[in-house]
Novice: 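My structure is below; once you've seen it, I'll send some questions.
Chain letters run A, B, ... following the sequence lines, proteins first and then strands; every chain starts at 1.
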Amino acid sequence: MASSLKRKRVQDNPHAKSKRRHTTPDSEDSGLSQASAHADFEEHESEQDGADEDVGSDASSEGHVELLEPAGDTQESDAAIHVKAPPKGEELRDIKDATDLFRSTSFKLQIDALLPNVRAKYHRSAPLDKFLLSLHTFLNGLPSIPPKHPLAASRDLQKKGVAVPYVLPQPTEDTNWKVAFEKPAEILLVGSWALKTSVKAKDGRRYVVDLAVTMPESLFQEKDYLHSRFFQKRAFYLAVIAAAVSGKKSGLNIEVLYESTNGDPRLTTLVLRPKADGSASDFSSLNTEVRILPVLPSSSPIPVQRLGPSRPNVRASASSDDSASDTPSPIYNSRIIQHLTPKPHLVSTHALKESVPAFSDALALLRVWAHQRGYGVGDRLCVRGFEGRGAWWVGLLECLVMGEEVAENGGQFGGFGKKEKRRPLGKGLSSYQLFKAALDLLARYDFAKNRTVIKSKDGHRFPPEDYASHEAALVDSSSMLNLLAGVPLTSLEMLRYDAQQTLDVLDNSGLSEDPFPLVFLKEQRDVANRFDVVLRIDLSSAEAGNLPPHAILEHGSAYNALIAHLLSTAKRALSNRTRAIAVLHPSSSSRPLSQAQPSNPSTVLLGLVLDTEHAFRLVDHGPPASEQETEEAKQFRDFWGEKAELRRFKDGSIVESVVWTVGSSDERAHIPAMIVRYILGLHLGLSEESIHGWQNGFDGIVRLPENVGKVLRDGRVETGFKAAMSAFDSLVKAMKALDEQLPLAITTVSPISDSLRYTSSLAPVAIPTSVASALPACARYVAPMEIIVEFEKSGRWPDDLRATQKIKLAFFEALATALMGSQKGLRASVIVSSPHAASDIEDQACLEIVTAAGWAFHARIWHDREQLLLERAIDDKPHIPKHVKKNMHMEGDPKERAAATAALEVYRRRFVHAPRHHRAVAALSHRFSAFAGTARLVKRWLAAHWLLEGHVRAEAAELLCAAVFLRGAKSGGDARAGVPGSKERGFARVMELLKDWEWSAGMFVSLYGDDSDAVKDVPPVGVDVKAGARQGVWAIATEVDREGHVWTAEGPDAVVARRVKALAQATWEALKGMEGGNFEVKTLFAHPTEHYDFIVELDPAVLPRYAQGVQADPAIWAKKGKYANARGDDGEAKLLPGFDPARAFHEDLKRVYEHTFVLFHDPLGGHMFGGVWDPSLKVPRPFRVLGGYSSMPVAKDTDKPKEKEKDKSLVVLNESAVLSEIERMGRGLVKRIVVQV
Amino acid sequence: MSTTPKSVGGFTPISVAYSSTATHVFYARAHSNPKPAKSPAQQDSKGKGKEAVYPEGRTLFLVNLPPDATERELTLFFKAAGTVERIAFDADGEVAGGEDDLGDSSDSEEEDEEDEAEAEAADEPAERPRKKRKTGKQDSPPEVTPLPTPTLRTLRRTGRSAHLVFLDASSLSRALSPPSSTSSPAPNSKSSPKPRPWPTDAAAPLGLAHYLAAHTALRPPLDAVRAHADTAMARFEWAQARARRASKYRMGEAVVDADGFTLVTRGGAYGKTLGGGVGVASKRFQEEAAGGKAGAGKRYRKKKTEKTEKEGFYAFQVHEKKRKELMDLKAKWQEDKAKVEKLKHSRRFKPY
């Protein structure tokens, strides 16, 4: 980094001669040969060093921050003294660099702070060097072993406890080649450690010191590239070294293990781990391990020409005239070539590092980014195919810097068409620029279609067309090795998807949010919020037998071939339904020397990222049916098996097709999983049980219990959101038809219920009276849906709030009579205000309409003049300034004002914000297919944890969900990259949000973004709240609600907000259980009750909503007969819309004991209240007349002097009395009250 | 409850046995009117009225009532002491007086209430409103058909108070004495009075039955609603008419006071002057007009001033501008540095 800064200095120095500036970021001037550019650069540097006096003191870079920090501090204190002075040239250049070459100055500083933490501590590598030296001497002194039959040789080694990791096909008694050992021709440190570009691995994995041990060429013959013979010889060579190194005689205090990169036995390496013994060569404190890679000498007898990617070198059977023998074996070939490349790679990477100053920083950033997303090794699940691919990340940067090879034959190459070649980027880019360019390459590049060859000095060895046999290709500059050989294409798609998301974050996060943590610091390996569909596949029952032997040999092992087959099958079956598919499994682990073959995880996770536009398509079309059988049609039928059928479509065409049948709209979201299940069962023989998903579990959470659902189905009851909405529409039609019979015409009827915008956690159900008696008493709840009626304007409304409410009653009565007259079977009644209604100026009455089909509505009247009247009641002389008014004593009745304020709040929320919110949320449900499901799950979660309604309003929950979806879709164009495609992922995202959200900072949700572009540009005004300052501490602002308190004014308070955070954290941890497979959806919705001071248990049998509960026990309503006898009067099944005694009781208790305890309850069928006492009341206090809580005098303490007690008559909360009051007030409801300590 | 103090802050605690284990305590004291600090909600302006409402000597002031207590239950509880004339819950309900004779006080306007209170407070020579009210009661229809109200319990907030007026002054001392009388023979051995059980009124349902009843009660028959709404509106119109008659201001009529000044008022919501007097332009209009003019003036002036100075005309201006830019840059740099330094200390830069 330091050198990069110096370099830029040259550019920005106004006094430097203009011809010196040669590497602006988008410079196309790459004609300079590497060497000359290098020389040029050195010249500048020396010159510059001479000019600047305090070059050493710029402390902000490279891996030496710890050492240089003191210097930096003094500099800063210097600056503090001369704070008024303008920055000096030196400083100015730093600043300019940071702003010009990085995203922002703080981004640069953060990168600088990050980098030292991910680098190895080279200054402590002395013991390692010592160890390497002794290892070198030891290996060079190894005795030769004369050629032997492979099995005999392995038997010899077996005696020492070392198995030879022979690969497939295993040598047999009649193999005619021999294995031998001779001391290595050369031992070389290669790879990232040697280049000092090592980047810390995830989960405390060690840095790897690659030691290339060159096998002498005399061991090999020309034909060794056939029949895996090279690998067998290599295996023996490795086993001999293993036996020697692990032996007592070696004098090396190490643990020796085998490890097979990517589970490929052909890439088995030897891992040497230090044992801590405190000796001079004990490098255990360095957190490194040495890996011995046997490599081929550059002058090997194996002809490289025969290893071209299109060469068929794998022969399944001995008879080489097999038909499969013509199939190219690109992966097999690459694996051999891989043994030739370590040294050339070392050289080319070093050259790159020298010529591109920011190279190692950029590489570190790229790898940190990749590690955070599971492209690498780690203890948790990793994306398949990225182990041991250090060269690929280097190659990616090399590709950027050097550019692509231009194909001679013009457009033909790699299907590139007329698209322009990737031009080389300037060498003077900053690390961030390089990093971003790499992401850009990943995000835009279609590896499946394009084959890339990095430009090299002396042309490429194999024609690029040859690489067509690879799934994807990025060929290194030595032009031999495809760095992506063996990486599944789907994994690359996943990488591409991740890169897109990160670019979105970098490009679209505003000034207020800092994308740095999201890009580099945050762990992103969690499957729950990363994949729309997660399936856990148990591969142990897979029929690997029917894989072609050629494929097994090509992939190195049956397991690898199976996974490759799985992925390609899944990809073909899902086609454009997914954006990416990834197989995740733990990265390969090391094994003892006695185990020849790597062990593979028997279960893998298959993650799907859906493309919501296509994912839920019901029909897959194949080739059209024609007279003669085409090859295509045959393939289609073979692939889909019995699902394939000929179908005739509306346009008259008859095509092969596959139809997926779903029962309900819920099930439609299962189609991708369904396809995977079917196709894997067909092609891999995986049974239903061995593929486990969680979608059903989540579906069950937002569904009524089975036997209740059955009654509803039997009664042919209308259920679902669509039905509710059409019921609403017909009601509106009926109401509008009444114009004649009403004094004023109805202009608009707007819904505000979440049942009418797809987001109520349980689907709305109509319960007609005919079905009611069949339903158990616990499932008879009819949820009324709130709607708002607006009449045409009229000047004849009374200019008085109380009278307005009375007029509303009259309107309701007229509407009810008219509706009942016109609609058969419709019942309507006016709900007058409850005695506890806050005041008589507040809007309170509503009209209850129950349609013939059983839908219940609550209609309210919106009279827009109420607002003005209320405002006037609060302040009738707004033109007189406050201080004047105070002096004039004309503030009016404070009580009246308080009532008006409360009424105004209700008015605004109910009539202004609710309809607007409803429209916006309904629009979101249409825009994002998974939004509604997510909102339903989140609400259910909040309800199950006793928070919904009582503490968190449903609208606030919807806003949180919207935040997750809108954040993902902020940018235009290809925007939907980060948007969850399934409700499960959406739910996990909301949990992540809740767990990480610092609610004191507020949140801005651009819910109405589409309507008001003008508002969007304005950054949200401060939404900060001081904790405890008000009842609701969440501030969720939208364009129309800058304060962000419309839906959160009444809660959650600080205590509950912290509780939400803790619950979300726990849920998040539980979601991680998906990786291990020990995860049950219901556990997320099981509420722990031990934290409550007391639990009020209600009798579930009398609660009409009980059946809605997550944990509802069907036994309660199963023994209905017994209860029906007991309560004969209730047996006649009167339907009471909206009758929810638990809720009413909860509201009453909450109001009565507002300052005594906090009450929690699940509104969706909960049968328990949890209460927490106000802790301050438990301490005795002096008696006050209006204490506001039930108290009792503190028992006298006889030791105390008497007069003192008289002065201070202390009282304390009378808990037992309060509890028995609750019991009395809830007579018939409360079963018992449990006091918990 | 081993020992109950005889008095808590001047109140006598009275224990009520809810069950064998739970005992509720409320505090009683003889009501005394002039005491201003009795309750914050009672305002001295109303004190006069209170005197009549809560006659001193036979009014018991109770604090910390059970939230579900009904009048009947309280009457029963104090039956031993004497007959209870009436009970007023919640000191802040000054409408207490009105509640007894007029169940619909909330329907009328506030003025009415005040009138009523005044009317009750003193029998002054017939004032204008008073007269109106009387005549109103006779001829015009202020009667509002109330909505059917079943005997539903009102659940008040916990720890509230009530005034309990006995029929007889002697009852007061009896109500307050039981604790002392029982404990007087052996103040320490039988330390506290035996808590009396709470009489529960069976007529007013509780719990599930209460909520069922409330559910039905909230949905009265439509004709009742209609009758209520119609009468309420009739009363409102009558009240408005009366107010208009009472008011000195007539709509559209110029109001000229004794000195010959004409009252000028702002218009109502629809530009009409509802209260009477001569209308003037709305405030918004005035503001707009004023703002427009002022703005225009300002703009004009601004234009003038802009002409005088040129940016970057003098070399020093350029220098200073550059310098300022640099200073800003530096300041931001330092700010960022400090921020990252702070983050560094919180060990945030360890990605894993």
Side-chain angles (χ1 to χ4, degrees), chain A residues 86-87 95 105-106 109-110 113-114 117-118 202 368 372 520-521 795 798 802-803 806 809-810 813 816-817 829-832 834-835 840 868 879 1102 1136 1139 1141 1144 1148 1151-1154 1156 1183 1185 1187-1193 1195-1196 1209 1211 1214 1216-1217 1220-1221 1224-1229, chain B residues 2-5 8-9 13 18-19 21-25 39 63-64 66-68 106-107 147 152 154-155 157-159 161 206-209 211 215 218-220 222 225-226 228-230 232-233 236 269-270 274 283 323 326-327 329-330 332-334 336-337 339-340 344 348-352:
Chain A
I95 298 171
T105 45
S106 79
L109 289 167
Q110 293 192 70
L114 167 78
N117 286 326
V118 296
K202 264 303 218 191
V368 168
Q372 293 287 30
F520 294 114
L521 299 178
R802 289 179 184 81
K806 297 296 170 196
L809 280 181
E813 192 273 335
T817 322
S829 48
V830 181
I831 303 182
V832 298
S834 71
D840 51 355
L868 191 87
H879 54 285
V1102 300
L1136 302 172
F1139 177 58
D1148 272 341
R1151 184 175 48 82
V1152 169
Y1153 297 106
E1154 192 188 349
T1156 312
F1183 173 76
V1185 171
Y1189 65 100
S1190 177
S1191 60
M1192 60 182 180
K1196 266 182 195 167
S1209 320
V1211 291
N1214 190 352
S1216 62
S1220 46
E1221 274 164 15
R1224 192 172 67 212
M1225 285 191 276
R1227 189 171 293 165
L1229 277 172
Chain B
S2 54
T3 48
T4 311
V8 176
Y18 276 174
S19 66
T21 50
T23 314
H24 182 80
V25 180
S39 145
V63 174
N64 193 20
D68 57 340
S106 54
D107 301 331
L147 288 166
L152 275 184
T154 315
L155 299 180
R157 288 171 58 172
T158 183
S161 57
L206 273 165
L208 189 59
Y211 291 112
H215 190 263
L218 275 179
R219 293 157 178 76
L222 283 181
V225 175
R226 173 178 215 136
H228 174 71
D230 287 353
M233 281 321 293
F236 168 71
Y270 304 106
L274 289 175
K283 192 187 167 228
R323 193 186 136 94
L326 290 179
M327 291 296 293
L329 258 181
K330 188 181 172 185
K332 174 141 195 315
W333 172 253
Q334 234 121 48
D336 281 343
K337 228 175 184 168
K339 202 171 80 191
V340 173
K344 224 186 210 166
R348 236 192 51 168
F349 289 107
K350 287 237 157 150
Y352 38 78

Novice: Minimum heavy-atom separation for V340(B) to A113(A), with atom names?
Specialist: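 Nearest heavy atoms, V340(B) then A113(A): CG1-CB, 4.1 Å.
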Novice: What distance do H24(B) atom NE2 and S1216(A) atom OG have between them, rounded to the nearest 0.5 Å?
Specialist: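 Going from the NE2 atom of H24(B) to the OG atom of S1216(A) covers 10.5 Å.
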Novice: Mind checking side chain to side chain donor-acceptor pair (under 3.5 Å) for E813(A) and listing every partner two or more places apart, or none if nothing turns up?
Specialist: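 Here the qualifying residues are T817(A), R226(B).
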Novice: Under 4.5 Å heavy-atom distance to chain A, tell me which part of H215(B) shows up: side chain, backbone, both or neither.
Specialist: side chain
Novice: Does some side-chain heavy atom of Y18(B) sit less than 4.5 Å from a side-chain heavy atom of R1224(A)?
Specialist: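 Yes, side chains in contact.
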Novice: Do you know the tightest heavy-atom contact between A1217(A) and T23(B)?
Specialist: CB-O, 3.6 Å
Novice: Where is the tightest heavy-atom contact between P1193(A) and V25(B), given as atom of each residue plus distance?
Specialist: CD-CG1, 3.8 Å
Novice: Quick one: which of D230(B), L208(B), V63(B) has the most heavy-atom pairs under 4.5 Å with chain A, could you say?
Specialist: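 Top option by heavy-atom pairs under 4.5 Å: L208(B).
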Novice: Hey, does the side chain of R1151(A) reach the backbone of L155(B) with a donor-acceptor pair shorter than 3.5 angstrom?
Specialist: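 Present.
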Novice: Where does V118(A) contact chain B at under 4.5 Å (heavy atoms): side chain, backbone, both or neither?
Specialist: side chain
Novice: To the closest 0.5 Å, what do you measure between CG (L218(B)) and CZ (F1139(A))?
Specialist: 11.0 Å
Novice: So which part of S1191(A) gets closer than 4.5 Å to some heavy atom of chain B, the side chain, the backbone, both or neither?
Specialist: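 For S1191(A), the contact with chain B is made by backbone and side chain together.
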Novice: Sequence neighbours excluded, which residues qualify as salt bridge (Lys or Arg N to Asp or Glu O under 4.0 Å) partners of R1227(A)?
Specialist: none
Novice: Nearest 0.5 Å please: distance from the CG atom of N64(B) over to the CE atom of M1192(A).
Specialist: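 One finds 11.0 Å between CG of N64(B) and CE of M1192(A).
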Novice: Please report the closest heavy-atom contact between M1225(A) and L206(B), naming both atoms and the distance.
Specialist: CA-CD2, 3.7 Å
Novice: Under a 4.5 Å heavy-atom cutoff, which of N1214(A), V1211(A), V830(A), T1156(A) has the most pairs with chain B?
Specialist: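 Max contact count across the listed options: V830(A).
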Novice: Under a 4.5 Å heavy-atom cutoff, which of S1220(A), A810(A), G1226(A) has the most pairs with chain B?
Specialist: S1220(A)
Novice: Measure across A229(B) and L809(A) and return the closest heavy-atom pair with its distance rounded to 0.1 Å.
Specialist: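 So the minimum-distance heavy-atom pair works out to CB-CB, 4.1 Å.
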Novice: Work out which heavy atom in L1229(A) is nearest to a heavy atom in G207(B); give both atom names and the distance.
Specialist: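 So the two residues come closest at CD1-C, 4.4 Å.
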Novice: With a 4.5 angstrom heavy-atom cut-off, which part of Y1153(A) approaches chain B: side chain, backbone, both or neither?
Specialist: both
Novice: What option among V368(A), L114(A), I95(A) has the most heavy-atom pairs under 4.5 Å with chain B?
Specialist: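 Top count of heavy-atom pairs under 4.5 Å with chain B: I95(A).
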Novice: Are any side-chain N or O atoms of D68(B) and backbone N or O atoms of E1221(A), one a donor and one an acceptor, separated by less than 3.5 Å?
Specialist: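 It does not hold such a pair.
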Novice: Quick one: of P798(A), S829(A), A803(A), A816(A), who has the most non-hydrogen atom pairs under 4.5 Å with chain B?
Specialist: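 Heavy-atom pair counts peak at A803(A).
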